[in-house]
Peer 1: 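A single structure is presented below for examination.
Everything numeric here is computed off the predicted structure, so don't read it as measured data. Chain letters run A, B, ... following the sequence lines, proteins first, then strands; residues in each count from 1.
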There are 2 protein chains.
Amino acid sequence: MENKNIRIKDIARLAGVSVGTVDRVLHKRGKVSDKALEKVHAILDQIDYKPNLIARSLGLNRTFRVAAVLPDPKLDAFWVQSHEGLQQSEQEWQQQGLVIDYYFYDLHNKESYNQAFEKAIASNPDGAVVAPLFYKEALPFFQKFHENGVPYILFNTHIEHPHPLSFIGQDLYQSGRLAAELISPGLATGKKLAILHIHEDLPNSAHLLDKEKGFREYVASMSGLNVEVNTINLEAPENTSFETDLRKLFSDPQLHGVYISTSKAYQVVEFMKATGKNGCRIVGYDLLEKNLQFLKEGYINFLINQNPSKQAALSISHLINHLVFKTTPPKEALLPLEIITKENIDSYKPALAAQ
Amino acid sequence: MENKNIRIKDIARLAGVSVGTVDRVLHKRGKVSDKALEKVHAILDQIDYKPNLIARSLGLNRTFRVAAVLPDPKLDAFWVQSHEGLQQSEQEWQQQGLVIDYYFYDLHNKESYNQAFEKAIASNPDGAVVAPLFYKEALPFFQKFHENGVPYILFNTHIEHPHPLSFIGQDLYQSGRLAAELISPGLATGKKLAILHIHEDLPNSAHLLDKEKGFREYVASMSGLNVEVNTINLEAPENTSFETDLRKLFSDPQLHGVYISTSKAYQVVEFMKATGKNGCRIVGYDLLEKNLQFLKEGYINFLINQNPSKQAALSISHLINHLVFKTTPPKEALLPLEIITKENIDSYKPALAAQ
DNA sequence: CTGAAAGCGCTAACAC
DNA sequence: GTGTTAGCGCTTTCAG
């Protein structure tokens, strides 16, 4: 029966001071004499004090406003899942006083991006979670957050910067390697592979290049095989070049597989179905409704789940824990590269629904 | 600013009664006049009261002893992960007063199984989580838990019974189908597949037969292919028949892939390495150290993660939530069928370490 | 049957 | 600087 949790009160008694003093040293709030500080630390060193977070959260009794900056979910289905993850987390943490303010931007419009960040900063939040798709533009805003003492977490897109509390995302190089591994069974010398980037401002999409690099390096390392890998930057399907480019691609009988670097694999499959193309391995990303349908129908072999909802949930979780419990999250949390096929998708469905 | 959470105090005020009374009706603890009950319900119907679970847990201030009945982790590496998951959860929930008592049994010895259950029941716990490997033997114990009013959760092994609070595990039929899907690239008519059950009392392993069924049905459904699937019940590697049987299996040049239904794939690979066999697809289960090594080396193509640690953690989580917060978990929680390859294993590692 | 009140562990305002 | 104290929302005991 020794698992009696130690309370602040116990420490106070042992150190011969009051709880107020102990609390002050625990939170480094100053106004403590060297002597008292020493006494308390002496006790703290001996015992393993673990604050009761439940009680802390109750005692704190304050609300946290966090700003969420991300692409408008109405404009791109991928971001719907992030948004849902955030909303889900908002519910989960509302008892500890979480309120999220959303600042959406058009992911093809830098102006709206800047505006979203400006508004978020002007709202003077307690913390922020941001998906910073445009690299260079983000830097001054990060600086601003930092100056204002606003802790912020990046998710989905990694931007090198000294101040973020944490980055939540995936290892994109490894993601590319994985895609190559999944696409490779049956590959032989002379066959060809294609990497498709759809409708992306490539200068701002360093992350897609990481995926490409991983993919290419994996293929290159396959012993005894000589396989051509072509990269194609596709316009959005509205443009006529979309169809022209795909038609050319699929006319090659040596084409073994196509790797789509974003969540837009379904757009390629729609072309394939319309034109009767078939018999080529497809690896793409993310559990969008249309992707799932084509996965079930056998057009898509594998989807790699970037798990936007979990990214969002984890971001909030780390931020709130930092705000409420003063914990420090890891500098970087890389989520698992989940492989989804038509035979395991249903086992992921309940989790999706729950999120 | 309307997100003010409603408190019991508010309800009391609105209903014109005291908080004590409100609490009594909320928890159906009786000793409330019809009139008061009606008044409170009238308010409750109008508003959406969500108790502050944080405060509840603080106010409750009691400890929960839960009994964990599972195979001895010292005798089988698979169960080490379950054990770790439980220990991890114990830490996480210790602030709400969780203490876990462990009752291990030898997974090849029914006598020790019965003893473990008997001791667990005799300890008169507040709740239990159990991995009931032996089907028939478990039933009377379940009955006993039920009679004693002890809520209990099954994990890993599903046993049909009316009383468990929940079952946490995976869909094994689907797991078999998935294995078949993963093993199938390159399959052609005339090729052969093997299903290996290693060192199992098959009568007590209905679950392995579910996997087998899924595997076979997937293969049978592959259009235009005629593939022979053979089931082999292997003894443990200590027995000479282990080697004889494997030698025979691998001598067949038509062998395309081997599906090992348990976490013992590494035992097969050890044989393969020792005898220089190669070039055959291997699908197995679980992230044991040796399995991971052979995955990295390319001997094993895929591992399906049964995620014992997450199973255990989820079991505890559901049980504690039931005990502390009086929530009712779903009758059945089927975890995702996680596909692990040499290219995504590292992305799962941090999660493993964290668990 | 009902209400008042103490207490869970922690925080923070407030006297001294 | 330091100790005391009220209070977070809920549970539970205890008079009445």
Peer 1: Please work out if B:R29 contacts a base, only the sugar-phosphate, or nothing of the nucleic acid, heavy-atom cut-off 4.0 Å.
Peer 2: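 It contacts base atoms.
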
Peer 1: Checking contacts here: which listed nucleotide (D:dG3, C:dC8, C:dT2) is nearest the side-chain heavy atoms of B:A36?
Peer 2: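 Selected nucleotide (nearest to the side chain): C:dT2.
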
Peer 1: For A:T21 and D:dG3, is the shortest distance between a side-chain N/O and OP1 or OP2 below 4.0 Å?
Peer 2: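 Affirmative; the distance criterion is met.
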
Peer 1: Check whether B:Q81 reaches the backbone of B:N307 with its side chain - one donor and one acceptor, N or O, closer than 3.5 Å.
Peer 2: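 Pair absent, no side-chain N/O of B:Q81 close to backbone of B:N307.
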
Peer 1: Quick one: is C:dT11 close enough that its OP1 or OP2 comes under 4.0 Å of any side-chain N or O from A:R56?
Peer 2: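 Indeed, a polar side-chain atom of A:R56 lies that close.
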
Peer 1: Tell me the interatomic distance from B:K28, atom NZ, to D:dT11, atom C1', rounded to whole angstroms.
Peer 2: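 Interatomic distance, NZ of B:K28 to C1' of D:dT11: 17 Å.
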
Peer 1: Between D:dT12, C:dC14, D:dC8, which nucleotide gets closest to the side-chain atoms of B:L60?
Peer 2: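 That would be D:dT12.
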
Peer 1: Calculate the interatomic distance between A:L58 atom CG and D:dA6 atom P; express it in whole Å.
Peer 2: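 My rounded result for the distance is 18 Å.
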
Peer 1: Looking at the side chain of A:R24, which of C:dC10, C:dT2, D:dG3 is the nearest nucleotide?
Peer 2: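 Nearest to the side chain of A:R24 among the choices is D:dG3.
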
Peer 1: Which nucleotide sits closest to the side chain of B:S18: D:dT4, D:dT11, C:dG3?
Peer 2: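 Of the options given, the side chain of B:S18 lies nearest C:dG3.
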
Peer 1: Looking only at side-chain atoms of B:D23, point me to the closest of D:dT12, C:dG9, C:dT11.
Peer 2: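 Of the options given, the side chain of B:D23 lies nearest D:dT12.
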
Peer 1: What's the NZ-P distance between B:K9 and D:dT12, to the nearest Å?
Peer 2: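 Taking atom P of D:dT12 as the reference, NZ of B:K9 is at 19 Å.
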
Peer 1: Using a cut-off of strictly less than 4.0 Å, decide whether A:Y49 has a side-chain nitrogen or oxygen near OP1 or OP2 of C:dC10.
Peer 2: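 Yes, within the criterion.
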
Peer 1: Would you say the side chain of A:F78 lies within less than 4.5 Å of the side chain of A:P308, judging by non-hydrogen atoms?
Peer 2: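 They are in contact (side-chain heavy atoms under 4.5 Å apart), so the answer is yes.
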
Peer 1: Looking at D:dG3, C:dT2, C:dT11, which one has an atom nearest to any side-chain atom of B:K31?
Peer 2: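 For the B:K31 side chain, the nearest candidate turns out to be C:dT2.
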
Peer 1: Has A:D72 got a side-chain atom pairing as donor or acceptor with A:K74's backbone, closer than 3.5 angstrom?
Peer 2: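 Pair found, side chain donor or acceptor close to backbone of A:K74.
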
Peer 1: Would you indicate what A:V19 reaches in the nucleic acid, counting non-hydrogen atoms under 4.0 angstrom: base, sugar-phosphate, or nothing?
Peer 2: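 The residue A:V19 makes base contact.
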
Peer 1: Please work out if B:I8 contacts a base, only the sugar-phosphate, or nothing of the nucleic acid, heavy-atom cut-off 4.0 Å.
Peer 2: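 Sugar-phosphate only.
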
Peer 1: If you measure from the Lys or Arg side-chain nitrogens to the Asp or Glu carboxylate oxygens, is any gap between A:D101 and A:K119 under 4.0 Å?
Peer 2: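 Looking at A:D101 and A:K119, the cut-off is not met.
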
Peer 1: May I have the distance from A:I6 (atom CD1) to C:dG9 (atom C1'), rounded to whole angstrom?
Peer 2: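 Checked: the CD1 to C1' distance equals 14 Å.
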
Peer 1: Can you tell me how far P of C:dA13 sits from CG of A:N61, to the nearest Å?
Peer 2: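 It works out to 12 Å between those atoms.
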
Peer 1: Tell me if the centroids of the rings in B:Y103 and B:Y105 come within less than 6.0 Å of each other.
Peer 2: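 No - the distance between ring centres of B:Y103 and B:Y105 does not fall below the 6.0 Å cut-off.
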
Peer 1: C:dA12 P sits how many Å from A:H27 NE2, rounded?
Peer 2: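 After rounding, the gap between these two atoms is 7 Å.
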
Peer 1: Within the distance-only criterion (no hydrogens, no angle test), does the side chain of B:N61 pair as donor or acceptor with the backbone N or O of B:L58 below 3.5 angstrom?
Peer 2: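 Checking the backbone N and O of B:L58 against the side chain of B:N61, no donor-acceptor pair under 3.5 Å is found.
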
Peer 1: Rounded to whole angstroms, how far apart are CG on A:L323 and P on C:dT11?
Peer 2: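 Distance, rounded to whole Å: 15 Å.
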
Peer 1: Closer to the 5' end of DNA chain C via nearest nucleotide, is it B:G30 or A:I54?
Peer 2: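 Whichever sits nearer the 5' end wins; that is B:G30.
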
Peer 1: Atom CD1 of A:I11 and atom C1' of C:dC10: how far apart are they, to the nearest Å?
Peer 2: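 From A:I11 CD1 to C:dC10 C1': 12 Å.
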
Peer 1: For C:dC8 and B:S57 - does any side-chain N or O of the residue sit under 4.0 Å from the phosphate oxygens OP1/OP2?
Peer 2: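 No, no such contact exists.
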
